[in-house]
Amino acid sequence: MRIFRGPFLIWVIILFFVSFSFGSGVRVLSNLSVATKSFSIPFDFVTSNQNFNLENRFIIFSRNYPTDSYMIHSYDRKDVTLVTEISEFKWLFMNQSFSVGRNYIRSGPTMRNAGLFSSFTPSLNHASLHLELWDKVEYNYHLIRLDDRQSDEGAYKRWGYYRRLQFPVGTRLILGLKDFVLATGVQRGVDFAYLNPAAIFQLEQLHGNVEEGTPGANNDNQMMGMDIDFKLGNQKRFYFDFLLDEFQIDVADRDHAQDVFGLTLGFEQKSTENSIFIEYWLASPWLYTNGGKFTNVEVNQIPLGYIAPNAYGFSFGWKHNFEKHQTFCLINMHKQGDQTVSTPWDSVDNIISLGLPDAKWEPELDLRFQYAEHKILKEFRLTYNLLNSRGFQLIATFQGLNMEYLSND
């Protein structure tokens, strides 16, 4: 197939030369995963040199392969595609870091489901800053480049601005405050007001917002939230994540205009041998949708947080470390209404019940057995309805290429 030829092989060769010249340590890793209906072959290239890290991951896979997170792709040949899942350069200095490229964004205390950046959110093109200011006081900022949208007015550029500040309250509780703006406009560039760490995103959005999404104009969708991580000793914790999209300040509006929000409640207990977590999550109707043009909070029609608006569900995860292998079990159950991240926004008499009496429970299962010491078999896995892969799939992952180079410097 042509997907394996030409530019990909040339890029692999170039990456080898760059990695060995750049890094004091280089690691190359590749495994083969074969399923009953699909396959996956990732290629990892990781190199580091003192305070610099360079990470790349290419993955060749069948479109229906059950992945842990959504994979963005639009080109395939015979249902097989090749994507760059991760390509990131990171600079680290005294617990601070700056990174640029494509990678996954994780933020807040949740294990799987969150209003922004769940564990299954796809990898994103971004520039990120991480600062550890004082003990347990951290600040994260992400400038995210989302996909463009074509229209009669021209190409709408879509940008995401996200920041989160966390700090301790007492000895057991950590509080996180966050806000997010999705900004669009014809050939719109980076907004320096949103890059300002002290800017109030809500004020910038209110003064620059166009409610009806005027063609050709700048349109912003701003959200804010908070999260709490409460520790019970060294092994147990409760956590809470909340995201607010729309809130009716005027009492007269509350009878016909809906408050729009998302929340996650969770509990985790972990020890040397076992760890478990359980989460309940709720995404209200109209979450992620907005009146501005192309300002729905998604990338390639994939939400950046919960699986969909107008939905709720539970997640249960369990891990146990045996003598020669590890067992992972993830079970998800959720109900979903008719809305998606592409649903047009309706701001008039838009109240919809949070309950979904007519919806059916949708189950998901991911069961894994990992073998650290086996020479051939690395993992055996059983999935059911995992993300966009329907039905059961049995997957065997085999040990592949694993090379490590350390220079004498």
Side-chain angles (χ1 to χ4, degrees), residues 63-73 104-124 144 146-147 160 162 180 182 221 223 225 227 239-246 258 260-266 277-290 295-317 329-345 352-367 383-393:
R63 291 176 58 192
N64 63 336
Y65 181 80
T67 56
D68 301 316
S69 56
Y70 286 111
M71 303 290 291
I72 298 175
H73 56 83
Y104 295 97
I105 297 176
R106 299 289 180 257
S107 182
T110 64
M111 296 295 293
R112 178 172 173 79
N113 306 282
L116 288 170
F117 313 119
S118 296
S119 66
F120 45 84
T121 302
S123 59
L124 300 169
I144 305 168
L146 301 172
D147 55 316
Y162 173 77
F180 175 85
L182 197 152
N221 181 11
M223 301 185 293
D227 54 71
Y239 54 88
F240 170 75
D241 184 274
F242 180 75
L243 180 69
L244 183 63
D245 196 348
E246 298 286 340
Q258 187 150 19
V260 181
F261 64 92
L263 63 87
T264 301
L265 293 170
F277 78 88
I278 184 170
E279 287 182 352
Y280 167 78
W281 60 271
L282 168 66
S284 78
W286 309 111
L287 184 64
Y288 306 132
T289 63
N290 188 266
T295 56
N296 287 6
V297 182
E298 44 81 20
V299 55
N300 288 77
Q301 310 304 322
I302 299 172
L304 296 186
Y306 301 118
I307 196 169
N310 194 23
Y312 62 87
F314 298 88
S315 292
F316 171 79
C329 180
L330 176 66
I331 299 174
N332 299 304
M333 298 285 293
H334 77 273
K335 281 188 174 185
Q336 182 176 336
D338 296 331
Q339 291 186 349
T340 69
V341 288
S342 300
T343 298
W345 168 256
I352 299 175
S353 173
L354 296 179
L356 296 167
D358 298 328
K360 296 181 179 180
W361 285 101
E362 297 286 342
E364 291 179 274
L365 171 68
D366 189 2
L367 181 61
T383 68
Y384 177 72
N385 288 357
L386 189 61
L387 296 181
N388 58 347
S389 176
R390 309 305 295 176
F392 283 102
Q393 290 212 44

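Please read these numbers as outputs of a predicted model, since none were measured by experiment.
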Could you tell me whether the side chain of Leu367 reaches within less than 4.5 Å of the side chain of Tyr384, counting heavy atoms only?
no
Just verifying a value: how many Å separate Phe120 CZ and Asp68 CG, rounded to the nearest 0.5 Å?
12.0 Å
Does the side chain of Phe117 come within less than 4.5 Å of Ile144's, by heavy atoms?
yes
Hey, what do you get for OH (Tyr288) to CG (Asn310), rounding to the nearest 0.5 Å?
12.5 Å
Taking the inter-plane angle between the rings of Trp361 and Tyr312 on a 0 to 90° scale, is it parallel (under 30°), tilted (30 to 60°) or perpendicular (over 60°)?
perpendicular
Validation row: Leu243, Tyr306 side chains within 4.5 angstrom (heavy atoms)
no
Please check if any side-chain donor atom of Gln393 sits under 3.5 Å from a side-chain acceptor atom of Tyr65, or the reverse.
no
Would you give the length of the straight line joining atom CZ of Arg106 to atom OG of Ser118, rounded to the nearest 0.5 angstrom?
8.0 Å
Given side chain to side chain contact (heavy atoms under 4.5 Å, CB included), test Leu354 with Ser284 step by step and report yes or no.
CA-CA 6 Å; Leu354 296 179; Ser284 78; 4.0 Å; yes
Say you draw a straight line from CG of Asn113 to CZ of Phe314; how long is it, rounded to the nearest 0.5 Å?
11.0 Å
Pairing donors with acceptors under 3.5 angstrom, does anything connect the side chains of Gln301 and Ser342?
yes
So CG of Leu387 and OG1 of Thr67: to nearest 0.5 Å the spacing works out to 5.5 Å
Run the side chain to side chain contact (heavy atoms under 4.5 Å, CB included) check on Ser119 and Tyr104 step by step: do they pass?
CA-CA 9 Å; Ser119 66; Tyr104 295 97; over 6 Å; no
With no hydrogens and no angle check, do the side chains of Asp241 and Thr110 hold a donor and an acceptor under 3.5 Å apart?
no
Looking only at atom types and distance, does a side-chain atom of Gln258 sit under 3.5 Å from a main-chain N or O of Ile352, one as donor and one as acceptor?
yes
Just how far is it from atom CZ of Phe316 to atom CG of Asn332, taken to the nearest 0.5 Å?
11.5 Å
When you compare the side chains of Asn290 and Thr295, does any donor N or O come within less than 3.5 Å of an acceptor on the partner?
yes
Should Leu263 and Tyr280 be marked as a side chain to side chain contact (heavy atoms under 4.5 Å, CB included) after you check the CA-CA gap, both sets of side-chain angles, and the distance that decides it?
CA-CA 8 Å; Leu263 63 87; Tyr280 167 78; 4.3 Å; yes
